[in-house]
Engineer: 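First the structure, which I've put down as structure tokens, then a few questions once you've had a look.
Along the sequence shown, residues are numbered consecutively beginning with 1. It should be emphasised that the depicted structure is a prediction, and the values quoted were computed from it without experimental measurement. What you see below is based on every heavy atom in this structure, not just the backbone, and it leaves out hydrogens, waters and symmetry mates.
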Amino acid sequence: MAIGVFDSGVGGLTVHRRLVDRFPQADLIYLADQANTPYGGREGEEIVDLTRAGCEALFDRGCDLVVLACNTASGVALRRLQQTWLPGYRKEKQRSVNVLGIIVPTIEAATGLPWEHEAERRGDKVEKLDVLAVFATPATARSRVYEIEIDKRRQDVAVFTEPCPDLARMIETGAGAVELATQVEAHVKAISARIGRTPDRAILGCTHYEMVADMFRAALKPGAPLIHQPDATADALEAYLARHPEYTAGDSGRRVFLTTGKPGAQNALVETFWGAPLSFEQA
């Protein structure tokens with residue numbers, strides 16, 4: 001058995017890296033759909049179809065559990081797949097498989113509350129609002145998943161999402177540090193102008209953005225906390241595996257990196273983040 005990690009490109013490596021650190025003995029298979037990246041500008045049905053194909057490819061490789069290390073796939077496709085595709089797939093294949101996302105653990109980390117919690121709507125005046133910025137792809141921003149789900153749980157948190165149409169693509173293609181920093185600064189300025197002040201905290205709502213987290217820290221007000229999706233996802237997966245002993249992560253420490261795009265070495269930004277040369281095999 002193995003754990004699969006799926007993303008439209010290299011952004012999910014930020015989650016994968018944390019899972020490698022947390023589960024050093026686990027067998028982990030990473031699949032980047034680089035032939036179709038980025039997902040952020042695509043329509044909903046297309047995202048659902050591409051995400052389903054990625055999950056099925058990982059199931060075919062021996063994974064019984066797949067983590068969608070992609071906010072767009074998690075926000076747009078996950079519920080549909082869990083409700084309309086997985087039940088039939090399990091029955092057809094006679095396998096206990098599942099797909100998990102990264103948005104639920106991120107919202108739990110942002111609110112400090114379990115997913116099951118919903119706040120009582122009392123209409124009380126909130127004395128002080130915690131202003132939370134979410135930087136995300138256009139598709140994730142359109143879904144409004146962070147605004148909707150955080151508002152259900154915390155009335156004292158005001159969520160504002162800033163769509164970043166080009167940032168994931170720039171990271172994917174290895175744009176230079178100055179170009180990336182300029183883009184990040186522009187998005188921080190744009191959301192601060194819309195809010196009327198700088199945000200108190202921020203979610204990097206695309207796993208690609210974790211690779212330039214230092215640029216977000218520099219652009220935001222000093223000391224503004226970042227909610228890190230890789231940490232939240234690793235915590236959630238550890239708890240999930242403890243609750244579901246039918247899923248195991250394997251024990252040989254196998255690492256496989258696959259791509260639907262061009263196999264071979266990745267760009268310098270990816271290798272700098274990973275800390276070593278990284279080459280993908282053809283999926």
Engineer: For R42 and N36, what are the C-alpha separation, side-chain angles and deciding distance, and is it a side chain to side chain contact (heavy atoms under 4.5 Å, CB included)?
Structural biologist: CA-CA 10 Å; R42 295 183 179 275; N36 297 293; 3.8 Å; yes
Engineer: Distance check, rounded to the nearest 0.5 Å: H16 atom NE2 versus I29 atom CD1?
Structural biologist: 9.5 Å
Engineer: Ignoring hydrogens and geometry, is there a side-chain-to-backbone donor-acceptor pair from R18 to T14 under 3.5 Å?
Structural biologist: no
Engineer: Distance only, no hydrogens: is a donor on one side chain within 3.5 Å (strictly under) of an acceptor on the other, for T137 and Y39?
Structural biologist: no
Engineer: If you group Ile, Leu, Val, Met, Phe, Trp and Tyr by side-chain heavy-atom gaps below 4.5 Å, do L220 and I227 land in one group?
Structural biologist: no
Engineer: Does the distance from a Lys or Arg side-chain N to an Asp or Glu carboxylate O, for R169 and E172, drop under 4.0 Å?
Structural biologist: no
Engineer: Ignoring hydrogens and geometry, is there a side-chain-to-backbone donor-acceptor pair from D7 to A32 under 3.5 Å?
Structural biologist: no
Engineer: Nearest 0.5 angstrom please: D200 CG to L132 CG, how far?
Structural biologist: 8.5 Å
Engineer: Applying salt bridge (charged side-chain N to carboxylate O under 4.0 Å, His left out), which residue pairs with at least one partner in residues 22-34 are found, sequence neighbours left out?
Structural biologist: R22-D235, R22-E238
Engineer: Quick check: does any side chain N or O of T72 sit under 3.5 Å from a backbone N or O of A139, one acting as donor and the other as acceptor?
Structural biologist: no
Engineer: Side chain to side chain contact (heavy atoms under 4.5 Å, CB included), that's the test. Do R197 and V131 meet it? Break it down for me.
Structural biologist: CA-CA 9 Å; R197 67 178 180 89; V131 177; 2.9 Å; yes
Engineer: Fit a plane to each ring of W274 and F257, take the angle between them on a 0 to 90° scale, and name the class: parallel (under 30°), tilted (30 to 60°) or perpendicular (over 60°).
Structural biologist: perpendicular
Engineer: Would E162 and R194 pass as an ion pair if we require N to O under 4.0 Å?
Structural biologist: yes
Engineer: Using side-chain heavy atoms (C-beta onward) and a distance below 4.5 Å, is L13 in contact with Q266?
Structural biologist: no
Engineer: Would you check if T111 and V157 make a side-chain contact, meaning some heavy-atom pair closer than 4.5 Å?
Structural biologist: no
Engineer: Side-chain contact test, heavy atoms from C-beta onward, threshold under 4.5 Å: evaluate it for E43 versus I47 and give yes or no.
Structural biologist: no
Engineer: If we count only N and O atoms by modelled type, under 3.5 Å, do the side chains of T259 and Q34 hold a donor and an acceptor together?
Structural biologist: yes
Engineer: Between D214 and R217, does any NZ, NE, NH1 or NH2 come within less than 4.0 Å of an OD or OE carboxylate oxygen?
Structural biologist: no
Engineer: For W115, is there any backbone N or O sitting under 3.5 Å from a side-chain donor or acceptor partner on R153?
Structural biologist: yes
Engineer: Before giving the answer on side chain to side chain contact (heavy atoms under 4.5 Å, CB included), spell out for V5 and L31 the whole-Å C-alpha distance, their side-chain angles and the decisive distance to 0.1 Å.
Structural biologist: CA-CA 6 Å; V5 180; L31 173 59; over 6 Å; no
Engineer: Check this for me: R90, atom CZ, are more than 12 non-hydrogen atoms of other residues, nucleotides or ligands nearer than 6.0 Å?
Structural biologist: yes
Engineer: Heavy-atom distance under 4.5 Å between the side chains of I191 and H187, does that happen here?
Structural biologist: no
Engineer: Strictly below 4.0 Å, N to O, side chains only: are E185 and K189 in salt-bridge contact?
Structural biologist: no
Engineer: Taking the side chain as C-beta and beyond, is there a heavy-atom pair between Q229 and N71 under 4.5 Å?
Structural biologist: yes
Engineer: Would you mind reporting whether C55 and W85 have side-chain heavy atoms less than 4.5 Å apart?
Structural biologist: yes
Engineer: Measuring from atom OG1 of T161 to atom CZ of R142, what distance do you get when rounded to the nearest 0.5 angstrom?
Structural biologist: 12.5 Å
Engineer: What I'd like to find out is whether the side chain of L68 reaches to under 4.5 Å of the side chain of L100, using heavy atoms alone.
Structural biologist: no
Engineer: Given ring pair (Phe, Tyr, Trp, His ring centres under 6.0 Å), test F6 with Y30 step by step and report yes or no.
Structural biologist: CA-CA 6 Å; F6 176 75; Y30 185 87; 8.5 Å; no
Engineer: Quick one: does T84's side chain have a donor or acceptor within less than 3.5 Å of a partner on L81's backbone?
Structural biologist: no
Engineer: Is it possible for you to say whether I103 and V67 belong to one hydrophobic cluster, with membership spreading through side-chain heavy-atom contacts below 4.5 Å?
Structural biologist: no
Engineer: Write out all pairs satisfying salt bridge (charged side-chain N to carboxylate O under 4.0 Å, His left out) with one or both partners inside residues 53-64, taking only residues at least two apart or from two chains.
Structural biologist: D64-R95
Engineer: Verify the cluster assignment for V20 and M211: are they in a single hydrophobic cluster under the rule of side-chain heavy atoms below 4.5 Å apart?
Structural biologist: yes
Engineer: According to a hydrophobic-cluster definition based on side-chain heavy atoms being under 4.5 Å apart (Ile, Leu, Val, Met, Phe, Trp, Tyr only), do L278 and V15 belong together?
Structural biologist: yes
Engineer: Say whether L113 and V159 are linked into one hydrophobic cluster, either directly or through other cluster members, by side-chain heavy-atom distances under 4.5 angstrom.
Structural biologist: no
Engineer: Check whether any side-chain heavy atom of F135 lies under 4.5 Å from a side-chain heavy atom of I203, and answer yes or no.
Structural biologist: no
Engineer: Taking only residues two or more places apart in sequence or in another chain, which ones pass side chain to side chain donor-acceptor pair (under 3.5 Å) with E246?
Structural biologist: H244
Engineer: Could you give the distance from CG (D130) to CZ (R154), rounded to the nearest 0.5 Å?
Structural biologist: 6.5 Å
Engineer: Test side chain to side chain contact (heavy atoms under 4.5 Å, CB included) on V10 and F273; report intermediate values, then the result.
Structural biologist: CA-CA 11 Å; V10 297; F273 163 78; over 6 Å; no
